[in-house]
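The first residue of the sequence shown is numbered 1, and numbering continues consecutively from there. All of these numbers come straight from a predicted model, not from anything done at the bench.
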Amino acid sequence: MAQLLDGAGKLGWVLLKSVLRFVFMFFNNCVAIPSYCLYLLLLQPLRIWDSSTFWHIEGVMFKWLLAMVSSWGWIAGYTVTEWGDDVRPFSEEEAMVIVNHQSTGDVCTLMMCLQDKGTVVRRMMWLMDHVFKYTNFGLVSLIHGDFFIRQGKAHRDKQLVYLKDHLDKYYHSRDRKWIVLFPEGGFLRKRRETSQLFAKKNSLPHLTHVTLPRLGATHVILKTLSAQQENGSVGGETGTPNQTGNKRKGLQWVIDVTIAYPKARPMDIQTWIFGYRPPTVTHVHYRMYPIKEVPVEAEALTDWLYQRFVEKEELLAHFYDTGSFPHEGQKETVSRQMTLDPVWLCIIQSFAFASGFMWYSVLQYLYCCLF
């Protein structure tokens, strides 16, 4: 009987905590996202007069919004340990970031672990499934200039054309530095069986922890944002000016990011919101490749991309067996705990709620004046 009461008490606490977290996040969204939109609406004259400053301010607020999402997981004990190459010194250089995709929590994990990477968060572009356009964060991503891609053979060719047009229109004009995509084109649990059947039919590696990546978006990004060399690789200056009028160097790196969850149990957005899972450490591995080593010709790029995901498979298999990532020439890499500043998180949350109250008061006053 005592055990039953103890279990009921724990369950009650989990439910109460989940409800309180949901209420807080609901109001957090209600004040932060409208405030972001209204500030940018107020600053539209600045966008015409000095677009560089406008997008700088927008990027700062965008980073704050992503920090708020990161704080939801942080206060529940969901943290990140980083492995592999240190990408922080390259935060000012242009890069394409390719990530394995297991669940909706992957995006939240990236939002958290990129917070301490200089100006990356405010100057990055995301490629995500079009369904995210209809979420609470969809309007923010739409304003920021992220690209929503529609999956499926029926849409594939048109989507790649739309992607190229989007990059030409927004990537350079808004001074973006990193572009993040999930080449697998869907969640692991949804694509694994189809990917394995395709691999068997075409004598490709059998993968369990990742799926074979799709080439389309990666190919378009490389061809659009990098200068092609005579040897078929990419690199050099694009010749496209940035907001200051200087020539851009174009993509300089491909950053291969591998996300691993303990016991291969992905963290989904529901867990991130309600916090019902015990404190969990998500592990993120980085491996950097100079852009000059990346082929741009379709067949060679396909082989190169497949090899990266075979390496991801090996990394994840090693992690699930040992709890750590391997490293060439060493038994294991040196890990580092990614941290967020709680004081800074409190400041931006306070600013969000203060802004929400201010805009509510302004709009209420205008409504009373007009009606």
Side-chain angles (χ1 to χ4, degrees), residues 78 80 83-84 96-111 113 126-132 135 148-157 159-160 163 180-221 254-272 277 280-287 298-299 301-326:
Y78 305 147
V80 172
W83 305 73
M96 178 177 67
V97 182
I98 56 175
V99 192
N100 62 312
H101 208 10
Q102 300 184 58
S103 71
T104 50
D106 297 340
V107 175
C108 299
T109 298
L110 288 173
M111 287 180 179
C113 63
W126 296 75
L127 265 67
M128 58 189 77
D129 193 281
H130 79 287
V131 297
F132 283 97
T135 66
F148 300 94
I149 192 164
R150 187 181 293 270
Q151 304 293 342
K153 291 182 180 179
H155 309 285
R156 190 170 300 162
D157 292 339
Q159 289 298 300
L160 295 179
L163 173 58
V180 181
L181 70 155
F182 302 92
E184 291 164 291
F187 298 140
L188 173 63
R189 69 179 186 275
K190 293 183 177 181
R191 291 209 61 242
R192 178 158 41 200
E193 184 178 351
T194 303
S195 174
Q196 290 174 346
L197 289 173
F198 179 83
K200 184 177 181 180
K201 182 179 179 180
N202 293 276
S203 302
L204 295 169
H206 179 87
L207 305 176
T208 302
H209 305 301
V210 294
T211 64
L212 290 170
R214 293 170 175 170
L215 177 68
T218 306
H219 195 205
V220 169
I221 291 168
V254 172
I255 303 176
D256 187 1
V257 178
T258 303
I259 300 175
Y261 297 95
K263 300 180 181 179
R265 291 181 58 212
M267 186 89 67
D268 55 28
I269 189 66
Q270 295 94 322
T271 306
W272 202 268
R277 184 184 292 192
T280 303
V281 179
T282 302
H283 297 260
V284 178
H285 183 277
Y286 303 96
R287 183 174 286 168
E299 185 175 349
L301 178 59
T302 300
D303 293 339
W304 186 89
L305 201 57
Y306 281 177
Q307 185 57 39
R308 301 291 75 77
F309 276 77
V310 169
E311 291 172 0
K312 284 180 179 292
E313 175 78 11
E314 295 169 353
L315 282 171
L316 289 167
H318 187 280
F319 177 84
Y320 295 139
D321 286 340
T322 66
S324 65
F325 283 113

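To the nearest 0.5 Å, atom CZ of residue Phe198 and atom CG of residue Leu207 are 11.5 Å apart. Here the OG-CZ distance, from Ser103 to Arg265, works out to 11.5 Å after rounding to the nearest 0.5 Å. Summarising the geometry, atom OG1 belonging to Thr104 is positioned 12.5 Å from atom CE belonging to Met128; distances are rounded to the nearest 0.5 Å. Here the CG-CG distance, from Leu215 to Asp303, works out to 10.0 Å after rounding to the nearest 0.5 Å. Annotation: the span from Ile98 atom CD1 to Ile255 atom CD1 amounts to 10.0 Å, rounded to 0.5 Å. Summarising the geometry, atom CZ belonging to Phe182 is positioned 5.0 Å from atom CG belonging to Leu110; distances are rounded to the nearest 0.5 Å.
Listed here is the closest heavy atom pair of Gly323 and Trp83: O-CZ2, 4.3 Å. In terms of heavy-atom proximity, Thr280 sits nearest to Met267 at CB-CE, 3.7 Å. Taking both residues in full, the closest heavy atoms of Ser324 and His318 are given as O-ND1, 2.9 Å, listed atom of the first, atom of the second, then distance. The two residues Leu160 and Gly216 have their closest heavy-atom pair at CD2-C, 3.5 Å. Residues Gln102 and Ile259 come closest through the heavy atom pair NE2-O, 2.8 Å. Between Ile149 and Gln159, the shortest heavy-atom contact is CA-OE1, 3.5 Å.
Counting heavy atoms from C-beta on, the side chains of Thr282 and Tyr78 never come closer than 4.5 Å. Between Glu311 and Arg287 there is a side-chain heavy-atom pair separated by less than 4.5 Å. In this structure the side chain of Phe187 never reaches within 4.5 angstrom of the side chain of Pro266, judged on heavy atoms. In this structure the side chain of Gln196 never reaches within 4.5 angstrom of the side chain of Lys200, judged on heavy atoms. No side-chain heavy atom of Leu316 sits less than 4.5 Å from a side-chain heavy atom of His285. Here the side chains of Asp106 and Val99 are not in contact, with every heavy-atom distance at 4.5 Å or above.
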Can you list the steps and then say if Phe319 with Thr258 is a side chain to side chain contact (heavy atoms under 4.5 Å, CB included)? CA-CA 11 Å; Phe319 177 84; Thr258 303; over 6 Å; no
Asp268 and Thr271: side chain to side chain donor-acceptor pair (under 3.5 Å), yes or no, with the steps? CA-CA 5 Å; Asp268 55 28; Thr271 306; 2.7 Å; yes
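Distance alone, capped at 3.5 Å, places no donor-acceptor pair between the Arg192 side chain and the His209 backbone. Judged by distance alone, with hydrogens and angles left aside, the side-chain atoms of Arg308 form no donor-acceptor pair with the main-chain N or O of Asp256 at under 3.5 Å. Side-chain atoms of Ser195 do not come within 3.5 Å of backbone N or O of Arg191 as any donor-acceptor pair. Not a single donor-acceptor pair under 3.5 Å links the side chain of Asn202 to the backbone N or O of Leu204.
For the pair Lys312 and Phe309, the cation sits on the ring face: its NZ or CZ lies under 6.0 Å from the ring centre, inside 45° of the axis.
Taking the six-membered ring where the residue is Trp, Phe325 and His283 present perpendicular rings, their angle passing 60° and hence far from 30°.
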